[in-house]
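Everything on this sheet refers to the single structure shown next.
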Amino acid sequence: MRKPVIAGNWKLFKTISESVALVDALKPIVDKTRSVEIVVAPVFTALSRVSEAIAGSNINLSAQNCFWEEEGAFTGEVAPKLLKDVGCSYVIIGHSERRQYFGDTDLSVNKKVKAAVSADLTPIVCVGETLAERESGSTFTVIEAQVKNSLTGIPAEVVARLIIAYEPVWAIGTGKTASDEQAQEVHLFIRELVARLFSPGAADKVRILYGGSVKPDNVKGLMAQPDIDGALVGGASLKADSFASIVNYAAS
Ligand code: PEP
């Protein structure tokens, strides 16, 4: 059985005190939840204080990006071991906004994933097609190349422990969600691809999250799909009540 993961990507929102206030509001509404792994990804500057605020709770900490080197003359970068040091257990890698605005490529994603795994972080590796790619019928070709190139050289037993997030770019922050069937179709494709590229065991274990305008009112249908193992949530993770409703999707 794959334990569902609900992860909130706070992007470039919230000061330190707003971030702490959000987890303080979230904690009591999700503290009975055991069946879901809960993850929040604040901005770098808030990680330390959010880490203290969630200590001893069932909320886990993620960063939104990392570099691939451990240390050195790399001004402005943050190494995976420093994320571990501040209390992260996850790191989002290759989010489409990073691919679009900051030059992340499958090659850099691959280096970051390897570095994150070496630092004992669980990478949440993002893939997804643009609207133009979907409309031209190349969704599966694009996803196949992203998964293959982002995970190249990683042993099957490590792939089994990774999280992959399928986030169609046209659904991120747009209010347009992929239908349950559209999402399931790509998730199944990714799982079969992992079986082919790595091993059936890795495919069975790897968790594949859906991301793209997940809200309290559409999460249940998505989570009912056999190959959807959770959600990466942007906008709806910025308020405690909407994120908690998504975390507690099974109770609604
Ligand atoms: C995201 O940031 O990964 C995301 C899916 O955003 P939203 O839920 O706002 O579409």
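Counting convention: from 1, in listed order, for ligands and their atoms alike.
Considering every non-hydrogen atom in both Ala183 and Tyr166, the closest pair reads CA-CE2, 4.4 Å.
One side chain, Thr33 or Asn248, offers a donor N or O that lies under 3.5 Å from an acceptor on the other.
Looking at Lys11 against ligand 1, only its side chain comes within 4.0 Å, counting heavy atoms. With a heavy-atom cut-off of 4.0 Å, Ala236 does not touch ligand 1 at all. Contact annotation: for Ile172 versus ligand 1, heavy atoms closer than 4.0 Å belong to both the backbone and the side chain.
Residue Gly212 has at least one heavy-atom neighbour below 4.0 Å for each of these atoms of ligand 1: 5 (C), 10 (O). Those atoms of ligand 1 with a heavy atom of Ser213 less than 4.0 angstrom away are 7 (P), 8 (O), 10 (O). Under a 4.0 Å criterion applied to the non-hydrogen atoms of Ala171, ligand 1 contributes the atoms 10 (O). Near Asn9, meaning under 4.0 Å from one of its heavy atoms, ligand 1 places the atoms 1 (C), 2 (O), 3 (O).
In this structure, the side chain of Tyr249 does not engage the main chain of Leu222 through any donor-acceptor pair within 3.5 Å. Of the possible polar contacts, one joining the Gln64 side chain to the Lys11 backbone as a donor-acceptor pair under 3.5 Å is found.
A salt bridge is absent between Asp106 and Lys148; no separation between the charged side-chain nitrogens and carboxylate oxygens falls under 4.0 Å.
Heavy atoms of His95 come nearer than 4.0 angstrom to ligand 1 in at least one pair.
Polar contact check, Gly234 against ligand 1: a nitrogen or oxygen pair lies under 3.5 Å apart. Residue Gly235 has at least one nitrogen or oxygen atom sitting less than 3.5 Å from a nitrogen or oxygen atom of ligand 1, judged on distance alone.
Atom CD1 of Ile172 is separated from atom CD of Gln100 by 9.0 Å, given to the nearest 0.5 angstrom.
Across Ser96, Gly128, Gly173, Ser237, heavy-atom proximity to atom 10 (O) of ligand 1 is greatest for Gly173.
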Query raised in the report: Which is it for Lys112 and Asn65 under the side-chain hydrogen bond (donor to acceptor under 3.5 Å, both in side chains) test, yes or no, and what are the steps along the way?
Result: CA-CA 9 Å; Lys112 291 178 183 191; Asn65 180 37; 2.9 Å; yes
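Hydrophobic clustering (side-chain heavy atoms under 4.5 Å, transitive across Ile, Leu, Val, Met, Phe, Trp, Tyr) groups Ile54 together with Trp10.
Looking only at protein heavy atoms, the nearest one to atom 3 (O) of ligand 1 is Glu167 OE2, 2.6 Å.
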